[in-house]
Number of protein chains: 2
Amino acid sequence: MTKKEEKKFEHFLTEFKTIVSKKGFKNTTQKDRILEILYFSKEHLSAEEITKKVQVKFNMDIGIATVYRSLNFFEHMNIVESLDVGDGTKRFEFKKEQHHDHMICTNCHQIIEFSDDVIELNQIKIAEKNGFILEDHIMTIYGLCEKCQKTLQ
Amino acid sequence: MTKKEEKKFEHFLTEFKTIVSKKGFKNTTQKDRILEILYFSKEHLSAEEITKKVQVKFNMDIGIATVYRSLNFFEHMNIVESLDVGDGTKRFEFKKEQHHDHMICTNCHQIIEFSDDVIELNQIKIAEKNGFILEDHIMTIYGLCEKCQKTLQ
DNA sequence: CTACTTGCAAAAGGTTTGCATCTGA
DNA sequence: TCAGATGCAAACCTTTTGCAAGTAG
């Protein structure tokens with residue numbers, strides 16, 4: 001990761017911790033580390049993977065329960081979102097500024113991210129039409145990726 | 001359910017059982033009953049709910065393992081699909097002719113079905129653009145339904 | 001007959017919870 | 001100081017699996 005990205009993260013973290021304090025929660029090293037792993041991860045991580053990455057990168061052992069509790073906390077704080085890939089575990093990712101959706105290979109579980117304005121717009125329309133207050137949405141396309149198409153031939 | 005719907009189901013079941021036989025699998029009363037419950041259910045059912053409904057409607061006890069195995073079998077046969085509502089259980093529904101997506105209330109977990117041609121079309125485009133062979137897709141919108149908007153005020 | 005199914009109970013696997021201890025503010 | 005956070009282990013829940021017995025074709 002570049003110096004610039006690091007700065008960006010540090011800035012985000014400082015701001016986030018202020019909000020946490022204001023809401024009466026406490027900032028801890030554990031939360032910081034988990035967040036840092038999520039922030040810089042290009043993959044969607046499971047709780048167990050996060051635990052391991054924290055151990056490797058920061059030489060710090062965190063209880064898996066703490067990881068789950070932090071993840072739920074971050075989800076409530078709306079800075080992390082979870083995703084069901086269909087491999088039996090919940091996976092988490094840092095919520096980027098711009099929304100995106102996922103395309104998942106049913107064979108190798110590889111995840112490709114994409115975003116599409118037309119779909120975004122239509123989701124809003126549909127929610128309105130049904131009287132829903134839109135909170136979030138998941139659009140996941142399942143299929144065979146190019147690599148697996150060849151492998152399975 | 002009307003007589004006409006019953007006829008339709010019987011016809012479907014006969015046809016499906018022929019395919020099952022051809023593929024070398026066996027037809028059983030258990031599978032028939034589970035399928036009948038799914039076919040006529042307006043809700044998306046969990047394995048446990050299906051087990052209970054079979055017991056009530058047909059006065060027949062089915063092991064939960066059998067229900068799960070049948071459900072997986074039906075999914076492979078492409079006549080049933082599963083859905084993650086976010087309440088900790090997998091839910092199943094009979095695959096209707098026309099595809100539809102789901103809008104789920106994050107408070108009461110009520111499910112509204114909808115379909116939207118624009119979204120369907122764009123999914124195909126996105127899959128193509130990324131070299132995926134489209135198999136399936138999930139489009140789920142999360143929000144607060146009208147009822148819960150009032151309740152939570 | 002015999003390969004596929006079922007049912008039971010045990011196992012598995014992910015996630016949550018109770019509780020004593022610790023710690024940030 | 002003390003409410004919130006952590007870590008451990010146990011508990012929970014849903015789903016899967018091994019195996020002996022049953023049954024469709």
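We name chains A, B, ... by the order of the sequence lines, and we start the count at 1 in each one. These figures come from a predicted structure and were not determined experimentally.
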Novice: With hydrogens left out and only the distance checked, is there a donor-acceptor pair under 3.5 Å joining A/R69's side chain and the base of D/dG4?
Specialist: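 Checked by distance alone, the answer is no.
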Novice: More 5' along DNA chain C: A/T89 or B/T66, using each one's nearest nucleotide?
Specialist: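 With A/T89 and B/T66 compared, the 5'-side residue is B/T66.
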Novice: Would the distance check show the side chain of B/E5 and the main-chain N or O of B/T2 forming a donor-acceptor pair, the cut-off being under 3.5 Å?
Specialist: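 Flag set: sc B/E5 to bb B/T2 pair under 3.5 Å.
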Novice: Expressed in angstrom and rounded to an integer, what is the separation of A/R33 atom CZ from D/dG7 atom C1'?
Specialist: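 After rounding, the reported distance stands at 18 Å.
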Novice: Spell out, as yes or no, whether a donor-acceptor pair under 3.5 Å connects the side chain of A/S41 to the backbone of A/I37.
Specialist: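 Not at all, since once roles are kept as given, no pair shorter than 3.5 Å links the two residues.
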Novice: Could you pull out all residues at least two apart from B/S46 that satisfy side-chain contact (heavy atoms from CB on, under 4.5 Å)?
Specialist: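 B/S46 satisfies side-chain contact (heavy atoms from CB on, under 4.5 Å) with B/E48, B/E49, B/T89, B/R91 once adjacent residues are dropped.
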Novice: Calculate, to the nearest 0.5 Å, the distance between atoms CZ and CD1 belonging to B/F114 and B/I141 respectively.
Specialist: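 Atom-to-atom, B/F114:CZ and B/I141:CD1 are 4.0 Å apart.
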Novice: Let me know the distance between CG of B/N72 and P of D/dT14, rounded to the nearest Å.
Specialist: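 Interatomic distance, CG of B/N72 to P of D/dT14: 16 Å.
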Novice: Using OP1 and OP2 only, check whether a side-chain N or O of A/T28 sits under 4.0 Å from D/dT6.
Specialist: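 For A/T28, the contact criterion (side-chain N or O under 4.0 Å from OP1 or OP2 of D/dT6) is met.
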Novice: Using a 4.0 Å heavy-atom cut-off across all strands, classify A/Y68 as base, sugar-phosphate, or nothing.
Specialist: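 Base: the residue A/Y68, judged by heavy atoms under 4.0 Å, touches a nucleobase.
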Novice: Could you check B/F25 against B/F92 and say which one's nearest nucleotide on DNA chain D is further toward the 5' end?
Specialist: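 By nearest-heavy-atom nucleotide position, the 5'-most residue is B/F92.
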Novice: So which one's nearest nucleotide on DNA chain D is more toward 5', A/T29 or B/K90?
Specialist: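 Checking each residue's closest nucleotide, the 5'-ward one belongs to A/T29.
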Novice: For the pair made of NE2 in B/H76 and C1' in D/dT16, what is the distance, rounded to whole Å?
Specialist: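 That distance rounds to 14 Å.
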Novice: Counting side-chain heavy atoms from C-beta on, which of D/dG7, D/dT15, D/dA24 comes nearest to A/I62?
Specialist: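 So the side chain of A/I62 is nearest to D/dG7.
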Novice: Report the distance from atom CD1 of A/I64 to atom C1' of D/dA10, rounded to the nearest whole Å.
Specialist: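 Atom-to-atom, A/I64 to D/dA10, this comes out as 15 Å.
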Novice: Regarding A/D32 and A/K17, does a basic nitrogen lie under 4.0 Å from an acidic carboxylate oxygen?
Specialist: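 Here A/D32 pairs with A/K17 in a salt bridge, since their nearest N and O are under 4.0 Å apart.
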Novice: Between B/E75 and B/S82, do the side chains contain an N or O donor and an N or O acceptor separated by less than 3.5 Å?
Specialist: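 There is such a pair (donor and acceptor under 3.5 Å, judged by atom type) between the side chains of B/E75 and B/S82.
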Novice: Give a yes/no on whether any side-chain N or O of A/K31 is located under 4.0 angstrom from OP1 or OP2 of D/dA5.
Specialist: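 Yes, within the criterion.
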Novice: Please determine if a side-chain N or O atom of B/Q30 lies less than 4.0 Å away from the OP1 or OP2 oxygen of D/dT23.
Specialist: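 Indeed not, no polar side-chain atom of B/Q30 lies that close.
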Novice: Calculate the interatomic distance between A/D61 atom CG and D/dA5 atom P; express it in whole Å.
Specialist: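 From A/D61 CG to D/dA5 P: 21 Å.
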Novice: Check residues 53-66 of chain A and write down every donor-acceptor pair under 3.5 Å in which the side-chain atom is one partner and the other belongs to a residue at least two apart or another chain.
Specialist:
{"residue": "A/Q55", "atom": "NE2", "partner": "A/D61", "partner atom": "OD1", "Å": "2.5"}

Novice: Would you kindly give the CE-to-P distance between A/M60 and D/dT6, to the nearest whole Å?
Specialist: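 After rounding, the reported distance stands at 9 Å.
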Novice: Which nucleotide of DNA chain C is the first, and which the last, in the 5' to 3' direction, to come under 4.0 Å of a heavy atom belonging to chain A?
Specialist: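 Result: C/dG14 to C/dA25.
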